[in-house]
Amino acid sequence: MDEQALLGLNPNADSDFRQRALAYFEQLKISPDAWQVCAEALAQKTYSDDHVKFFCFQVLEHQVKYKYSELSTAQQQLIRETLLSWLQAQMQNPQPEKTFIRNKAAQVFALLFVTEYLTKWPKFFFDILSVVDLNPRGVDLYLRILMAIDSELVDRDVVHTSEEARRNTLIKDTMREQCIPNLVESWYQILHNYQYTNSEVLCQCLEVVGAYVSWIDLSLIANDRFINMLLGHMSVEVLREEACDCLFEIVNKGMDPVDKMKLVESLCQVLQTAGFFSIDQEEDLDFVARFSKLVNGMGQSLIVSWTKLIKNGAVKNAQEALEAIETKVPLMLQLLVHEDDDISSNIIGFCYDYLHILKQLPVLSDQQKANVEAIMLAVMKKLTYDEEYNFENEGEDEAMFVEYRKQLKLLLDRLAQVSPELVLASVRRVFSATLQNWQTTRFMEVEVAVRLLYMLAEALPVSHGAHFSGDVSKASALQDMMRTLVTSGVSSYQHTSVTLEFFETVVRYEKFFTVEPQHIPCVLMAFLDHRGLWHSSAKVRSRTAYLFSRFVKSLNKQMNPYIEEILNRIQDLLALSPPENGYQSLLSSDDQLFIYETAGALIVNSEYPAENKQALMKDLLTPLMERFKVLLEKLMMAQDEERQASLADSLNHAVGFASRTSKAFSNKQTVKQCGCSQVYLDCLQTFLPALSCPLQKDVLRSGVRTFLHRMIICLEEEVLPFIPSASEHMLKDCEAKDLQEFIPLINQITAKFKMQVSPFLQQMFMPLLHAIFEVLLRPAEDNDQSAALEKQMLRRSYFAFLQTVTGSGMSEVIANQGAENVERVLVTVIQGAVDYPDPIAQKTCFIILSKLVELWGGKDGPVGFADFVYKHIVPACFLAPLKQTFDLADAQTVLALSECAVTLKTIHLKRGPECVQYLQQEYLPSLQVAPEIIQEFCQALQQPDAKVFKNYLKVFFQRAKP
């Protein structure tokens, strides 16, 4: 072996050596006999370096995984012998191999096993066991091999082909028949022999039992001798976590509901007698977390049994199952309120399913009602933040608590389904007590009180947020709580979590303010001062900007008296952040978008006359336009690239803000009706010169293009005079991405204005196509994936453009381009349908072709088009589906075939018997199609029902493909 290259395997080697080692590995992978050198090195212990040993196993692994079938019988035998002799050597080694080497060896054994067990090596386990016997090192490797085999056969995370899945099923069936009882016996012996001497091996063995239980006969494990041994391990500190997991897997195994009930009950009896149910005495939280998972498994198993028994009508057994469930509830509640969230989280599944049972019962006993109440109290307690939660710098622990809170929310929702009155009363009690004394209460208790009110909105759902009408007792309870929330002064609480919860809740219950509008001013003030948009925390300011915009938009009818006041107060927040270093504005540009949207909504939805709206909109947008002009001049003169980028960003934000103000316009309140057309036309006039700026083209063009999209909707035909020069600038020296983004703009204009833009389209049609073809024809490296993808996306955009033009009834735009250009365009569509394996583009091409046939395919169509139909379009309808890349199992491809069928039907519709004659006498015979199939094809084509032909065409091509 190349000793120099092997030096690069050491993690501390420099990058040159590492590169060389990688190259050497690639070289060995393709070399036909390199694996033999590695096998020999392993068998004869040539190398002592761990990284070289690992490397040798990697080469063997590659050989077994990808090239095993290329080896002769003798070579395959050599690999088997090498692995067994390596295993034998491990028994005598003074020191065990490092864990990473043992795991890699186990993987290679497992790969060889799945490849050979069914054919050449049925005695695999017998051979392994005869080598390892009961030697602790051998047992360690045997157990690692078993885990690697389990992960090859049943690991859900590994994606298997259908062929591999079939093979794996066959292997498991064969193992169950031939060797599983022997393997189970070996596990029992290992657990028995090592129970006092080697806890590491015992833990591994328990893990193996837990893994295999899911797919072997459960009676081999769920029997007295095994269960008693496992229960014994539950009392041994170093074993009990693994024993717990193993029992969990046994309990989780699907089985007859009555048998499952007996198994769980007998387990519980022993565990309870042994004192495991006394959670509060246990200090080892890791164990309690595993135990909680086990109790959860037992509880959920009993619930599954109950559900099956109810379904089967076994009332007596179902009653027994319910009683068994009820006896576990006190333990479940203990675990649910445990101060450790992991322990509590592990039991939530049982708790949730238990509530689901209660929901189905016609009437609840007193004990069951008490259980529901206890769960409610537990949820309220556990929702509370602890002292350690870091609000300023949320890390992994905080993220886990947020996830845990989501689980608790699901429990609360389920509680509300069982007893909505209890949930409402409990929340009301906690909320009222807390808000009475919020000034002297800890933040986490205030936050959770407001949070519970917030959560009621989803726990007690109503349509369209109508919480304050309908059920009187519920509506008045919520109304009381909302009134308390907004009048208590709790919005001034000095903690971000309480502040945010306050704003989230007033926005969630915005309908309250239509019932009691007198509270709007105090909530608006909270939004508009140091509690909201001027808060010291950027996180609060940012979220409030979004919530404020929602609040104002949802209550637009109630906002009229406050509009001028709000616009004055938010003036400072509308300033375009100057791209000067070190200046920190209160809001990010993303947050400012919401403020601009709010300002736009206030103006448009106001009851002011049009001239007032126009004046206010002008006041809002003029500072943006003026700033834009100044910044654009600065950008033209900027030398430093970083400075150019920040100026371009600011310019882009200005355009984005102007665009966002227009979101408030609707069919009822158009730009024209509000008298705002001129302001937006001025904006267009101001922004369009940015298109001719040679610096930061991507950023500027993207912003202006988005603004144009908005203005086409808002200004309608008033925007048209600006389109030609904007298009001309956007087509100058552009890349694939520019064109891809420009085409939807042209499509939007074409679809919206149709004949109005026909002269413009005719003029820019060929320049646009030249720009597209120029980019598509640029040479690119064969392996440049991103360039290939860009071209594919551009091709799709190009065909989408042609589809829009033909679909908008504007085929004359193409027809007027001169015969040569028309032919060139048509040929590209044929190529798109046939040559490129992209079903999305192919579908579009067939839509274009059928549309053109519909428009031009009749007797009075353009000269030469009928010839084109027979020479090119008909063949395309056969050549495309016959390609190997045209995969009829793929949904997108089936859609493309469906459009291909429409094209053929349209040709038949337009050309009549002539088309059938051409297919019968010329085209299909040229493809060597049998006469009876030709007959069948032509009959299907002439069927009046298009669906019949679509279905037939799929079958036709399925038969035609080898």
Side-chain angles (χ1 to χ4, degrees), residues 292-293 296 299-300 303 332-333 335-359 371-386 389 391 394 396-431 434-435 443-463 465 467 474 477-478 481-482 485 495-510 539 543 546-547 550:
S292 183
K293 183 178 157 193
N296 191 61
Q300 287 188 307
I303 289 171
M332 172 190 84
L333 288 167
L335 292 163
L336 184 64
V337 292
H338 199 288
E339 63 184 25
D340 184 282
D341 292 343
D342 288 340
I343 293 167
S344 172
S345 171
N346 283 347
I347 200 75
I348 284 179
F350 175 21
C351 195
Y352 188 76
D353 293 347
Y354 172 64
L355 289 171
H356 188 55
I357 286 187
L358 297 187
K359 189 180 147 204
N371 291 343
V372 173
E373 211 159 321
I375 294 170
M376 183 68 207
L377 289 170
V379 168
M380 292 195 294
K381 178 182 174 219
K382 293 300 293 176
L383 274 169
T384 313
Y385 285 114
D386 59 27
Y389 193 98
F391 288 90
E394 291 173 313
E396 199 177 326
D397 289 347
E398 285 76 15
M400 282 165 70
F401 182 70
V402 170
E403 280 309 306
Y404 171 60
R405 261 188 150 190
K406 287 178 187 170
Q407 290 180 292
L408 292 172
K409 179 207 171 297
L410 294 176
L411 264 190
L412 186 79
D413 292 348
R414 183 52 62 91
L415 277 162
Q417 291 168 9
V418 177
S419 178
E421 303 79 17
L422 171 85
V423 171
L424 186 59
S426 305
V427 171
R428 192 175 188 178
R429 191 180 65 245
V430 169
F431 181 83
T434 309
L435 262 75
F443 85 85
M444 60 280 282
E445 288 166 37
V446 181
E447 190 277 344
V448 93
V450 183
R451 177 79 177 179
L452 283 164
L453 171 56
Y454 175 83
M455 289 166 89
L456 279 183
E458 282 184 7
L460 308 170
V462 291
S463 63
H467 293 285
K474 182 189 133 188
L478 283 171
M481 285 191 272
M482 277 304 292
L485 180 70
H495 195 281
T496 55
S497 68
V498 178
T499 309
L500 282 170
E501 209 53 68
F502 170 81
F503 286 121
E504 296 282 358
T505 307
V506 293
V507 171
R508 173 161 273 191
Y509 291 107
E510 30 90 8
K539 182 178 168 186
R543 184 68 184 160
Y546 163 69
L547 291 171
R550 274 192 45 196

>> Quick one, E447 and H495 - any side-chain contact, counting heavy atoms below 4.5 Å?
In response: no
> Do Y454 and F502 make the cut of ring centroids closer than 6.0 angstrom?
Replying inline: no
>> By the definition side-chain contact (heavy atoms from CB on, under 4.5 Å), identify the one residue from L383, L460, V448 that meets it with M455.
In response: L383
>> Side chains of Y404 and S344: any donor to acceptor distance under 3.5 Å?
In response: yes
> Nearest heavy-atom pair of I375 and L355: which atoms, and what distance?
Replying inline: CD1-CD2, 3.8 Å
> Is there side-chain contact between L485 and F431, with at least one heavy-atom pair below 4.5 Å?
Replying inline: yes
> What distance separates S497 OG from F443 CZ, expressed to the nearest 0.5 Å?
Replying inline: 5.0 Å
>> Between K409 and E458, does the salt bridge (charged side-chain N to carboxylate O under 4.0 Å, His left out) criterion hold? Intermediate values first, please.
In response: CA-CA 9 Å; K409 179 207 171 297; E458 282 184 7; 2.9 Å; yes
> Given the rule in the side-chain contact (heavy atoms from CB on, under 4.5 Å) test, do L333 and I347 qualify, once you have shown the distances and angles that lead to the verdict?
Replying inline: CA-CA 9 Å; L333 288 167; I347 200 75; over 6 Å; no
> Hey, what do you get for CG (L410) to CG (L415), rounding to the nearest 0.5 Å?
Replying inline: 11.0 Å
> Can you list the steps and then say if Y354 with N371 is a side-chain contact (heavy atoms from CB on, under 4.5 Å)?
Replying inline: CA-CA 10 Å; Y354 172 64; N371 291 343; 2.9 Å; yes
>> Is the shortest side-chain heavy-atom distance between L377 and V337 below 4.5 Å?
In response: no
>> Is the terminal nitrogen or CZ of R405 (NZ for Lys, CZ for Arg) located under 6.0 angstrom from the six-membered ring centre of Y385 and within 45° of that ring's axis?
In response: yes
> Is any side-chain heavy atom of E339 less than 4.5 Å from a side-chain heavy atom of D386?
Replying inline: no
> When rounded to the nearest 0.5 angstrom, what is the spacing between CG in L412 and CG in L452?
Replying inline: 7.0 Å
> Heavy-atom distance under 4.5 Å between the side chains of H338 and K382, does that happen here?
Replying inline: no
>> Within the 4.5 Å heavy-atom criterion, are I348 and L408 side-chain neighbours or not?
In response: yes
> Would a 4.5 Å heavy-atom cut-off, applied to side chains only, mark E504 and R451 as touching?
Replying inline: no
> Under the side chain to side chain donor-acceptor pair (under 3.5 Å) test, which residues partner N346, sequence neighbours left out?
Replying inline: none
Which pairs would a plain distance check flag for residues 417-424, meaning a side-chain donor or acceptor within less than 3.5 Å of a matching protein atom at least two apart in sequence or in another chain?
unit_1	atom_1	unit_2	atom_2	d
Q417	OE1	K359	NZ	3.4
Q417	OE1	R414	NE	3.2
S419	OG	L422	N	3.4

> Do S345 and Q407 have a side chain donor and acceptor closer than 3.5 Å?
Replying inline: yes
